[in-house]
Amino acid sequence: MNYRWDWSILFKDTYMGWLWSGLLWTVIISLASWAVALTVGLLAGTARSAPSRSARLLAGIYIDVFRNVPPLVQLFLWYFVLPEVVPDSFGLWLKRDLPYPEIVTAVVAIGLFAGSRVAEQVRAGIEAVGAPLMPAALATGLRPAQAFRLIVLPLGLRAIVGPLTSEFLITVKLSSLSLTIGVLELTAQSRHVENYTFQGFEAFTFATIGYLVIGLCVTGLMRFIDIRIGGAALRKTPA
Amino acid sequence: MSDFDWGIIARSSAFLAEGMALSALLVLVATVGGLILGFGLALMRLSSHWLLSVPASTYVTVMRTLPLVLVLFWFYFLVPLVIGRPVGSLASALLAFVLFEAAFYCEIVRAGISNVRNGQSDAGLATGLRRAQVLRLIILPQALRAMMPLILNQIVIVFQDTSLVYVVSLHDFLTAASVVASRDGRATEMYALVALVYLAICLGTTKAAEFYRKGLPT
Amino acid sequence: SSAGAQEVDSIVKKLHDTQTITMGVRDALFPYSYLDDQKNPTGYSVEFCTRIIDDIKSELKLPEIKIKYVPVTIQNRQALVANGTIDLECEGTVNTFGRNKQVDFSSVSYVSSSQMLVLKSSGIKSYDDLNGKIVAVATGGSSEPDLKNLVAEKKLNIRILNVDDHAAGLITVETRRADAYFSDNGAFYGLIRQSKKPDALEIVGDEYGYAPQGFMVPKLNPTILWIVNHSMGKMFKSGEAEALFNKWFGQFGAHVSPKLRAAWSTQSYAE
Amino acid sequence: MIVIEDVHKSYGNQHILRACSATVSLGEVVVVCGPSGSGKSTLIKCINGLVPFERGTITVDGVSVSSPKTDLPALRSRIGMVFQSFELYPHMTALQNVSLAQIHVLKRSRAEADARSEKILARVGLGDKRDSRPSQLSGGQQQRVSIARALAMDPQAMLFDEPTSALDPEMINEVLEVMQELALEGMTMMVVTHEMGFAQRVADRVLFMDRGQIVEDTPKAQFFTAPVSERARQFLTNVLTH
Amino acid sequence: MIVIEDVHKSYGNQHILRACSATVSLGEVVVVCGPSGSGKSTLIKCINGLVPFERGTITVDGVSVSSPKTDLPALRSRIGMVFQSFELYPHMTALQNVSLAQIHVLKRSRAEADARSEKILARVGLGDKRDSRPSQLSGGQQQRVSIARALAMDPQAMLFDEPTSALDPEMINEVLEVMQELALEGMTMMVVTHEMGFAQRVADRVLFMDRGQIVEDTPKAQFFTAPVSERARQFLTNVLTH
Ligand SMILES: Nc1ncnc2c1ncn2[C@@H]1O[C@H](COP(=O)(O)OP(=O)(O)OP(=O)(O)O)[C@@H](O)[C@H]1O
Ligand SMILES: Nc1ncnc2c1ncn2[C@@H]1O[C@H](COP(=O)(O)OP(=O)(O)OP(=O)(O)O)[C@@H](O)[C@H]1O
Ligand SMILES: [Mg+2]
Ligand SMILES: [Mg+2]
């Protein structure tokens with residue numbers, strides 16, 4: 001292998017600046033998409049077990065559609081197609097006047113995709129762990145809405161902190177898709193540096209470590225939450 | 001937006017079909033290769049010897065934390081350097097897919113195997129079967145059934161992931177459509193088509209997985 | 001392979017052994033290096049290199065050299081040159097300090113400068129018209145630092161939109177997501193040809209920046225590098241280079257720019 | 001107190017309950033037994049409306065369970081129910097389990113509810129476990145918390161669905177003792193169980209179910225000495241001999 | 001036949017078995033009982049090496065279980081084992097369940113194995129169920145298939161780990177009857193169970209375990225009338241009274 005190592009490029013102001021700003025954008029996009037995903041996923045997942053037929057149907061359609069179209073295609077739809085099919089003035093607003101149009105588009109697209117997956121987890125948690133206690137809760141005289149709010153939902157959510165960790169990690173990884181619409185996040189910046197310096201090893205190593213550290217932080221944070229609310233115990237001992 | 005021109009789909013269908021063929025090839029190779037490698041990794045992870053289990057679990061953790069796009073870049077850049085030959089984007093993408101998906105299939109196989117009750121292996125051993133026999137005759141057939149829906153779901157994810165080979169200039173289905181979209185300025189029609197095709201295939205597979213899961217004895 | 005790449009003049013040795021040279025080409029970098037309708041590599045850089053290879057043949061006194069074309073992309077081109085897979089990479093890669101650490105560059109084949117691609121209807125004629133506008137620029141290209149310098153120099157107030165490649169740059173301008181695509185002008189010719197409404201587009205602004213391009217050769221091949229530069233020098237002097245230029249860029253009304261002419265003059269030989 | 005009249009229930013085209021009729025009067029203890037799958041759980045869940053049924057009526061204290069005008073939650077709060085697998089809320093302490101419905105259904109203040117819960121936990125012998133989670137309790141203890149949860153609502157009747165069959169043999173007694181005390185204090189009870197010892201000690205009447213029908217509704221003494229149906233006789237032999 | 005001497009076993013720093021010693025002679029039926037978690041299952045699994053132990057020795061027919069030179073699979077094939085939760089292979093029919101180890105361990109031909117399996121299935125009263133899957137069988141039937149699976153290997157001894165405690169009360173008898181027959185035919189048996197009726201009928205001796213120790217190893221008659229330890233007395237009261 002004929003390759004000249006030069007780790008110093010990672011410490012040159014320009015390239016270091018690029019890589020760190022990429023890391024920062026990755027974190028920002030990940031957190032923002034995760035916030036969207038959690039909100040939407042919680043609503044849709046809950047709606048899946050709602051008494052209203054139309055709410056269940058609507059949530060079901062959302063989950064089926066958003067889970068089954070590749071996130072990259074969704075990103076393209078939001079970015080390239082949406083502005084062209086809405087009225088011209090609104091399309092131009094989307095393309096030009098929306099603050100940070102690429103970032104917002106990426107957050108919406110990734111958030112809604114991840115949200116559909118979170119919704120599935122929420123539904124599964126409610127069905128597997130929360131719902132079996134419904135009869136017991138009803139039998140004490142709680143109204144269905146109360147039983148859901150006080151028992152079924154809290155239990156269902158506690159049980160899925162573990163699976164949600166995976167979804168959080170997936171969301172972080174999805175943030176790299178935004179490079180295809182020109183967001184200079186971590187992967188894009190590492191490629192950027194490679195392009196300028198031909199020092200691909202060093203640049204990709206930086207990105208790899210960046211993702212690993214983010215991943216470890218996410219896993220650690222979620223595990224901390226899981227322990228605090230006793231989620232693991234819920235999954236092991238059948239309630 | 002100008003008027004829709006759905007004829008564009010018919011005119012570019014041969015080109016799109018080539019893209020779909022590449023996507024299918026990627027899915028096939030990634031799934032078969034990923035399953036084989038993943039199976040080995042899973043056995044390593046389940047081993048009680050740390051020399052086997054620690055490397056396997058490290059590998060899985062790293063692969064699961066990295067975005068596929070980055071892994072694709074890594075291999076695209078690394079493979080020619082290491083083997084000193086141009087391998088083309090396809091070979092490096094195939095390699096990246098197999099190695100990447102192996103981490104996920106490893107977790108599926110592991111879940112499938114640990115899902116089989118401990119008592120089953122006790123029961124097999126107690127009748128005098130050897131460990132390998134227990135694995136082959138009792139654990140695996142049951143694990144495979146439990147794994148089927150998970151494997152189907154993973155195939156959906158792999159299929160969705162194939163759209164990423166765009167970044168190493170391979171023409172998968174989505175990229176083929178992108179090319180037509182920008183060549184003829186027909187982004188709306190092409191991306192709508194792509195979304196529908198993916199939706200139909202993935203939703204069909206997802207529903208099949210759900211159906212299969214419901215039919216499983218618990 | 002790996003070990004072979006470490007020795008000096010490995011390409012010469014290989015040429016003597018196999019009479020084959022590998023040329024790195026691009027599939028769609030019109031008009032530098034692309035595949036024609038019959039899928040044969042052609043273009044300004046490819047023809048340039050073909051003549052260089054003729055000179056290699058006579059310098060090394062080989063009866064014949066077969067050319068093996070290897071398609072490369074932006075991402076793998078340097079790895080393939082660095083590890084010796086490709087002996088001569090023929091498209092026009094901008095020669096930078098950093099890149100010189102990994103590979104060697106030939107004399108200047110082309111000097112690109114940055115300009116703007118805009119819709120005629122936008123009314124943009126010069127950089128001063130850019131204030132308050134959105135300007136697209138390709139990530140990783142040589143225009144990106146140019147744009148930063150330009151903004152600092154002219155104290156422009158613009159929003160920069162990063163795009164992944166030239167095609168995306170064209171789309172952003174056509175869909176009015178950006179008002180101008182700031183890029184190396186060599187790429188504009190291909191883009192305009194590709195556009196559905198070429199008449200609506202226009203190249204404006206003064207040529208900005210200096211991005212000398214050359215052909216890449218693996219390190220530790222002084223003999224080949226010397227022959228390549230020698231051959232190019234002869235072509236610069238004889239006018240052959242200019243004829244090639246006119247053949248490929250003349251159709252767009254382009255002429256050898258003063259910067260390119262200066263580079264060529266410096267790198268050619270006296271009688 | 002509880003009047004069941006001609007109740008029919010199907011799942012799909014499977015007829016699970018057929019023409020079931022029975023009454024439980026105030027202060028009576030009725031034991032329900034029968035082979036697995038005969039519909040015992042289904043019947044008992046019909047009584048507080050957890051399982052809707054197609055035909056017939058069930059009234060509790062004169063209030064019809066199936067009438068759309070009935071306030072089901074209110075009715076349920078007056079009937080305690082204990083399940084085979086305890087069904088405690090695993091994310092709450094024993095005390096919180098017992099207090100929850102008092103606070104949200106009876107609108108007691110937290111302090112009031114907790115005071116009452118402590119009293120009832122002490123009564124079932126778990127005064128020292130108020131802050132334990134269900135996962136830290138043995139099966140017998142969990143089931144006693146679950147009885148306390150029902151009792152805390154001051155129910156007028158209690159339904160039990162195989163309260164001891166998920167328990168280790170040694171723990172069965174501690175639960176049966178609590179139930180026996182309740183019975184002796186005059187609580188109206190309907191108990192699905194295979195503990196024939198318990199039935200012999202405290203039941204007033206025994207209902208025997210087979211394939212969705214109540215085939216036997218006899219006073220205790222007669223059930224154990226001279227059951228009417230062949231199926232009940234066979235069942236008794238099987239359950240009593242081992 | 002089975003000699004257990006000073007066996008110790010820990011999981012982590014939890015001492016699960018402490019200094020356990022006992023023998024089961026040829027043709028003897030030994031019942032093991034004791035509170036939940038006292039180590040009964042662990043002890044019985046040590047005997048055929050399913051659970052490795054740290055100290056002490058266990059020999060079966062003179063062969064040490066823990067010696068690294070022992071061919072464990074061969075030894076296990078000579079000891080039948082029946083589990084609380086049946087552990088039938090759900091992807092095979094009853095016949096295939098019974099034939100599998102005969103084919104792969106005893107190297108019988110499929111035809112030979114199947115013939116033998118049919119005979120044994122008939123013997124446990126399931127001649128007509130050879131092609132049923134476990135999921136199509138009741139609990140009692142599944143447990144009888146599982147006994148047949150062990151018997152098909154012509155074992156010299158049989159180990160049972162609570163074979164009836166996962167069964168509906170009505171089905172307990174059909175399993176106990178099969179076991180009783182085995183005992184009467186002179187099979188060497190070690191049975192963990194809480195079915196004291198069964199113990200009274202067929203046991204020669206009773207082992208009582210508490211917190212990892214064998215606190216009582218007495219002939220049946222004495223165990224039921226005058227157990228040595230206080231804990232065993234309390235256990236008996238609890239298990240026998242309800
Ligand atoms: N939700 C349901 N959907 C379909 N069938 C059901 C449902 N619940 C119960 N059944 C069926 O109804 C029948 C009676 O069930 P039930 O639980 O009332 O019996 P049981 O007498 O309580 O039996 P066990 O002693 O096993 O608890 C069974 O055949 C069961 O399979
Ligand atoms: N694999 C294991 N890892 C850690 N601890 C274990 C394991 N298996 C059993 N134990 C512990 O060993 C102790 C004895 O378990 P064992 O199953 O032998 O008891 P038992 O007498 O059979 O109880 P039961 O009547 O509930 O079946 C228990 O405290 C149990 O928690
Ligand atoms: Mg029941
Ligand atoms: Mg046990």
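Every heavy atom of this structure was used, including side-chain atoms; hydrogens, water molecules and symmetry mates were not. All chains are named by letter (A, B, ...) in the order of the sequence lines, taking the proteins before the strands, and each is independently numbered beginning at 1.
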* **Trace of the side-chain contact (heavy atoms from CB on, under 4.5 Å) decision for Leu164(B) with Leu177(A)** => CA-CA 8 Å; Leu164(B) 291 181; Leu177(A) 292 188; 3.1 Å; yes
* **Chi angles and distances behind the side-chain contact (heavy atoms from CB on, under 4.5 Å) call for Asp64(A), Lys207(B)** => CA-CA 9 Å; Asp64(A) 276 346; Lys207(B) 290 294 169 195; 3.1 Å; yes
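Residue Trp7(A) places its CH2 atom among more than 12 non-hydrogen atoms of other residues, nucleotides or ligands, all under 6.0 Å distant. Within a 6.0 Å sphere centred on CZ of Phe15(B), heavy atoms belonging to other residues, nucleotides or ligands number more than 12. Shown here is Asp97(A), whose CG atom has more than 12 heavy atoms of other residues, nucleotides or ligands within 6.0 Å. In this structure, Arg223(A) places its CZ atom where only 12 or fewer heavy-atom neighbours from other residues, nucleotides or ligands lie under 6.0 Å away.
Put simply, of Ile157(B), Leu70(B), Val71(B), the one with the most heavy-atom pairs under 4.5 Å next to chain A is Leu70(B). Of all the listed residues (Lys173(A), Glu194(A), Arg191(A)), the one sharing the greatest number of non-hydrogen pairs under 4.5 Å with chain B is Lys173(A). Counting heavy-atom pairs closer than 4.5 Å to chain B, the top residue among Ser190(A), Gly200(A), Ala207(A) is Gly200(A).
At a 4.5 Å heavy-atom cutoff, the contact between Ser166(A) and chain B is made by side-chain atoms alone. Heavy-atom distances place the side chain of Phe113(A), and not its backbone, under 4.5 Å from chain B. Proximity to chain A (any heavy atom under 4.5 Å) is restricted, for Val156(B), to the side chain, taken from C-beta onward. Contact annotation for Ala192(B): only backbone heavy atoms (N, CA, C, O) come within less than 4.5 Å of a heavy atom of chain A. Only the side chain of Leu77(A) comes within contact range of chain B, with at least one heavy atom under 4.5 Å from a heavy atom of that chain. Looking at Leu179(A), the atoms closer than 4.5 Å to chain B (heavy atoms on both sides) all sit in the side chain, from C-beta outward.
Scanning all heavy atoms of the two residues, the minimum distance from Thr65(B) to Tyr211(A) falls at CG2-O, 3.3 Å. When every heavy atom of Ser176(A) is checked against every heavy atom of Val69(B), the shortest pair comes out as OG-CG2, 3.8 Å. Residues Pro67(B) and Thr187(A) approach most closely at CG-OG1, 4.3 Å, considering heavy atoms. Residues Ser178(B) and Phe76(A) come closest through the heavy atom pair OG-CE2, 3.9 Å.
Between the side chain of Gln160(B) and the main chain of Leu72(A), no donor-acceptor pair closer than 3.5 Å is present.
The aromatic rings of Phe204(A) and Phe73(B) lie parallel to each other, their planes meeting at an angle below 30°, with 60° marking the opposite boundary.
Residues Thr180(A) and Tyr166(B) form a side-chain contact, since some pair of their non-hydrogen atoms from C-beta on lies under 4.5 Å apart.
Each of Val194(B), Leu199(B), Leu196(B) was compared with Val69(A) under the side chain to side chain contact (heavy atoms under 4.5 Å, CB included) criterion, and only Leu199(B) meets it.
Separating the OG1 atom in Thr219(A) from the CZ atom in Arg64(B) is a distance of 9.5 Å, to the nearest 0.5 Å. With values rounded to the nearest 0.5 angstrom, Leu212(A) atom CG is found 5.5 Å from Leu66(B) atom CG.
Aromatic pair Phe201(A)/Trp74(B): ring centres closer than 6.0 Å.
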